[in-house]
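Side chains are part of it too, since the values below use all heavy atoms of this structure and drop only hydrogens, waters and symmetry mates. One-based numbering, in listed order, for ligands and for the atoms of each.
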Amino acid sequence: MSSIQSDNSSTHRSGPVVIPRALHAVSRRAISPAALKVLYRLKDAGYQAFLVGGAVRDLLLGRTPKDFDVVTNAHPEQVRDLFRSCRLIGRRFHLAHVRVGPEIIEVATFRAAHTVVDEDNSVDEDSRRVTDNHGRILRDNLYGTIDEDIWRRDFTANALYYNIADYSIWDYANGVTDAEERVLKLIGDPETRYREDPVRMLRAVRFAAKLDFKIDTATAVPINKLAHMIDSVPAARLFDEVNKLFLSGSGLQSFMLLREYGLLAHLFNDLENILSSDETSQRLVEQGLSNTDERVRADKSVTPAFLFAVLLWPAVRKQSMLHARSQENGQLDFGAIQDAFDNVCSRVVRRVAVPKRFSLTSREVLALQSRFDYRSGRRSLRVLDHPRFRAAYDFLLLRAAVGEVDQEVADWWTEIQTMSPEARIEKVETPGGLNLPAARKKRRRSPRRLSSSP
Ligand code: ATP
Ligand code: MG
């Protein structure tokens, strides 16, 4: 370890500021027993062991960490030798997953970054890391020291190391102050860091939304210019990121920031194009994300299937209404929605690889929206037995909330669910009880036709 230095600015390669236990708020009591066990066992075997990343940041902020990541100078094989239940994973990086009871603790080995600091603090370019001609890191599997490991972290607040040996925090990049001041700052030159890994732009938005941090100006400025680099990120990784952005309790705020920074267009191009000219769609997506945030906060389950139904609906609806059958009567049509969905979804999955098991559910939920227009005859009741009825009904409520369908339609479907099977049949078979949009239109049109006839 290097000596303690006062200059810990994020652009200097220097040793850490070591903050002793008495001067920081991270308490062992807030760390999961499983993570502590892993940390202590590594330490007792003579290795360095630190808690790192989001857990240290969250503990400093008084938040409950989502997970506890550990870094060590032990190599993965050495980690495996210390624990009975340990799996080595990862192709690009070797990581150890240590199972302690129901918990899995991720243990990574310090890695070297693309530049290496020598004893005398001169910087050597490291030719062992492979980047493509846009500066993106393709292979990076070099073990190093903690002084090097810091340079592969993204934001200063994510680059704090909690040392199990004496419970101090090692801060190389002024991360404690930045966390306290709630600013998100990339370590090093922002443009270079985004080029290395464009997903960091999405991570900036995600952390700003989730932690209510401001993105530092220098970190924010390059995003608009580099947003197009998201296009080169593998679609499977973007699917993971999109889930984290929208299903972690700050989806609405993430959505606003994605739009502000010009990133949404590189994830959901059709949606971005529609939003600017269609206020109802914008409200629908915002309301859908806000409902999801509430569910997450209430610890209720959320599914990517509903999320993608929300995100795809504006484009699917628009396209389906151009279909001949919908043009005829101005109504949603089951088959037209399915066709439009397939078309829209095939473009989306090229960017964001939504697995079929989710997209097929989204497709059903959306196609069922056409069924809610039918509220007469026994056949109209069949939708109640559909396995996706509940989700489709929730989606109908969302459409009603933003004025895309009449509230009375949603109320009708709310009421029918409370009725006995007999009462339902009576309701749909009573003439005059119908309020089919098509029937209503006909009724309205006929007097005009009568009055205009000679
Ligand atoms: P969360 O609370 O969402 O888990 P986190 O900060 O722990 O937040 P992770 O994605 O779990 O985020 O990553 C753990 C740590 O690994 C980060 O804090 C950061 O230091 C580092 N890291 C992860 N992904 C990247 C990346 N793309 N570029 C640079 N550093 C990264
Ligand atoms: Mg984490």
Q | Any Arg193 heavy atom less than 4.0 Å from ligand 1 | A | no
Q | Contact atoms of ligand 1, heavy-atom distance to Arg152 under 4.0 Å | A | 29 (C), 30 (N)
**Q.** Check: Ile150 main-chain N/O paired with Tyr161 side-chain donor or acceptor under 3.5 Å
**A.** yes
Q) Is Phe207 close to ligand 1, meaning an N/O of one under 3.5 Å from an N/O of the other? A) no
Q) Does the pair Arg351/Asp231 count as a salt bridge with the N-to-O cut at 4.0 Å? A) yes
Q: Can you sort out which atoms of ligand 1 are near Gly54, meaning under 4.0 Å from one of its heavy atoms?
A: 5 (P), 6 (O), 7 (O), 18 (O)
Q) From His97 NE2 over to Glu103 CD, what is the distance, rounded to the nearest 0.5 angstrom? A) 12.5 Å
(Q) Could you check whether any heavy atom of Glu196 sits closer than 4.0 Å to an atom of ligand 1, since that is the contact criterion I want to use? (A) no
(Q) Given 3.5 Å as the limit, does a donor-acceptor pair link the side chain of Glu286 with the main chain of Leu252, or not? (A) no
Q. So which of Glu241, Arg203, Arg206, Arg237 gets nearest to atom 3 (O) of ligand 1, if we judge by its closest heavy atom?
A. Arg206
Q) Relative to the heavy atoms of Asp67, which atoms of ligand 1 are at a distance of less than 4.0 Å? A) 4 (O)
Q) Do Glu181 and Lys214 sit within salt-bridge range, that is, some charged N less than 4.0 Å from a carboxylate O? A) no
Q: Please answer whether the main-chain N or O of Gly53 pairs with a side-chain N or O of Asp69 as donor and acceptor at a distance below 3.5 Å.
A: no
Q.
Suppose I only count heavy atoms of Lys210 and a 4.0 Å limit; which atoms of ligand 1 are within that range?
A. 1 (P), 2 (O), 3 (O)
**Q.** Distance, nearest 0.5 Å, that separates CG of Asp342 from CD of Gln319
**A.** 10.0 Å
Q | Atom name in Asp67, limited to N/O/S, at shortest distance from the Mg ion (ligand 2) | A | OD1
**Q.** Identity and distance of the protein heavy atom lying nearest atom 15 (C) of ligand 1
**A.** Arg153 NH1, 3.6 Å
Q) Any sub-3.5 Å donor-acceptor pair from Ser362's side-chain atoms to Ala305's backbone N or O? A) yes
Q. Just which atoms of ligand 1 are under 4.0 Å from any heavy atom in Asp69?
A. 11 (O), 14 (C)
Q: Heavy-atom contacts with Lys66 under 4.0 Å: which atoms of ligand 1 show up? List them by number with element.
A: 1 (P), 3 (O), 4 (O)
Q) Checking Ser254 side chain against Ala209 main chain: does a donor-acceptor pair fall under 3.5 Å? A) no
(Q) Between the side chains of Asp166 and Arg21, is the shortest nitrogen-to-carboxylate-oxygen separation below 4.0 Å, so that they form an ion pair? (A) no
Q. Would you say Asp171's side chain and Gly175's backbone share a donor-acceptor pair under 3.5 angstrom?
A. yes
Q) Looking only at protein heavy atoms, which one is nearest to atom 19 (C) of ligand 1, and how far off is it? A) Asp154 OD1, 3.4 Å
Q | Distance filter under 4.0 Å to Gly53 heavy atoms, resulting ligand 1 atoms | A | 18 (O)
Q. Taking the non-hydrogen atoms of Asp197, is any one of them nearer than 4.0 angstrom to ligand 1?
A. yes
Q. Atoms of ligand 1 less than 4.0 Å from Arg200 heavy atoms?
A. 26 (C), 28 (N), 29 (C)
Q | atom 6 (O) of ligand 1: nearest protein contact (heavy atom, Å) | A | Arg57 NH1, 2.9 Å
Q. Arg63 near ligand 1, heavy-atom distance under 4.0 Å?
A. no
